[in-house]
2 protein chains.
Amino acid sequence: MNSPFSTKTVQPDISLSICGYTKVLEIISNKWTALVIYAMEDGIIRYGDIRRRIEGISKKMLTQTLRQLERDGLVKRDITPAVPPIVEYSLTQLGESLLEPMRALKQWTNENYSQVEQARESYDRVNNEE
Amino acid sequence: MNSPFSTKTVQPDISLSICGYTKVLEIISNKWTALVIYAMEDGIIRYGDIRRRIEGISKKMLTQTLRQLERDGLVKRDITPAVPPIVEYSLTQLGESLLEPMRALKQWTNENYSQVEQARESYDRVNNEE
DNA sequence: CTGCATCCTTGGGGATACTG
DNA sequence: CAGTATCCCCAAGGATGCAG
C-alpha cells in the first residue's frame, strides 16, 4: 500500500524486459504468428498448405514467421529432399505447451469480444460529436 | 485430413479478422498495454503512480494506452475535480476477466521462457557462422 | 497533476521479381 | 515447391513543448 500522503516512494517495478506478460507477447504478437500456430494445431502441415489456409499471407511473411517460430523452438521443420522439395512443419512439444494458454485467450475472446465491441461503440458515440 | 494425392482442395479457413487468437492480441499486444494492465492488477491507481511504476513509459504513450483500454471497456477512469486534478484508474469487471488468461500466459513464460532462450542460442550458433 | 499537439524516426510488413 | 532479394510505405511510438 502506498502512503496516502505521498507518492514519491513509488519506484519502477515493472519493466518491458522482465514482465512475463510482455515476453510471451514478443513471441506471439507479430501480425501472422498466432495464425500460423493456429494452422499447425492439427499436426504436420506443408508450407504451401499453411499458405493456402491463411487468407492473405504472403510467402515472405509466412517464411519469416516460420523462421522466427523455429528459432524460438516452437516449430519444427522437416525437409524431404526431392524435386520439388517437400517441407513439413509442426509444433514442437514446447510449441504445443503454448497452445493451452493461447486457447484460454481465444476462449476469452469468444465469450467477451462482443462486450468490447459494445464498449467501443458506446465510447465513440460519446466522444465523436464534433 | 487432406487427400494424399492433392492439396488443391485446401481453402482459406483462417483469417486475421475472424481468428480469436488475433482479436485479443489486437487489444493487448501494443508495446505498453500489458504493462499498464499489470500495473492495475492490485486495484485503483493514479496516473502518476502508473507512470512511476513502469520503467521508461512516456506520458504520451501512457495516456494513449489508457485511452485505448478505456475505449475497449477494460479500464475505468475516475476524475476528482481539484487543482491539481486527481485521476484514478482501475480495471473494469471485463478487464479483470481478461486477467485470468493473461496470467496463464505469464505462467507459461515463467515455466518455459528459458527453453525459448536456449532454442534461440542454439539456432543462432548453427546459423551464424559466415 | 494530467494531459494534448506536433514533429520525426524506425522497422514491420506489403508488392514484386528471381532461384535451387 | 519453397523459398530469397529488393524496394517501398505507413503507422507505432519516441521527444519535446504547451495547457487546464
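Because the structure is predicted, anything quoted here is derived from the model rather than measured. Just so we're on the same page: letters track the sequence lines, and every chain starts at 1.
For the side-chain contact (heavy atoms from CB on, under 4.5 Å) with A:Leu74, the qualifying choice from A:Val36, A:Ile28, A:Leu98 is A:Leu98, the only one to do so.
When rounded to the nearest whole Å, the span between CG of A:Asp78 and P of D:dA2 equals 13 Å. If you take CG of B:Leu69 and P of C:dG3, they are 13 Å apart, rounded to a whole angstrom. Regarding B:Ile54, its CD1 atom lies at a distance of 16 Å from the C1' atom of D:dG14, rounded to whole Å. We find that CD1 of A:Ile86 is positioned 8 Å from P of D:dA2, with the value rounded to whole Å. Rounded to whole Å, the distance from CD on B:Glu70 to C1' on C:dT2 is 13 Å. What separates CG of A:Leu66 from P of D:dA2 is a distance of 11 Å, to the nearest Å. If you take CD1 of A:Ile57 and C1' of D:dA2, they are 14 Å apart, rounded to a whole angstrom. Look at CG on B:Leu62: it is 10 Å from C1' on C:dG3, rounded to the nearest Å.
The minimum heavy-atom distance linking B:Ile50 with B:Ala39 is given by the pair CG2-CB, 4.1 Å.
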*Taking protein heavy atoms under 4.0 Å as touching, what does nucleotides 6-20 of chain C look like 5' to 3' if B marks base contact, S marks sugar-phosphate-only contact and - marks none?*
B------BBB----B
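Taking side-chain N and O atoms only, A:Arg46 has no distance below 4.0 Å to OP1 or OP2 of D:dG3. The phosphate of C:dG3 has neither OP1 nor OP2 within less than 4.0 Å of any side-chain N or O from B:Arg51. A close approach under 4.0 Å does occur between a side-chain nitrogen or oxygen of A:Tyr89 and OP1 or OP2 of D:dG3.
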_Pair B:Tyr47-B:Thr63, side chain to side chain donor-acceptor pair (under 3.5 Å): steps then yes or no_ = CA-CA 9 Å; B:Tyr47 179 90; B:Thr63 301; 3.0 Å; yes
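With hydrogens and angles disregarded, a donor-acceptor distance shorter than 3.5 Å links the side chain of A:Thr92 to the backbone of A:Gly73. A donor-acceptor contact shorter than 3.5 Å links the side chain of B:Thr109 to the backbone of B:Leu105.
Put simply, the side chain of B:Val24 does not reach to within 4.5 Å of the side chain of A:Lys106, judged on heavy atoms. By the 4.5 Å heavy-atom criterion applied to side chains, A:Arg77 and A:Arg67 are counted as neighbours.
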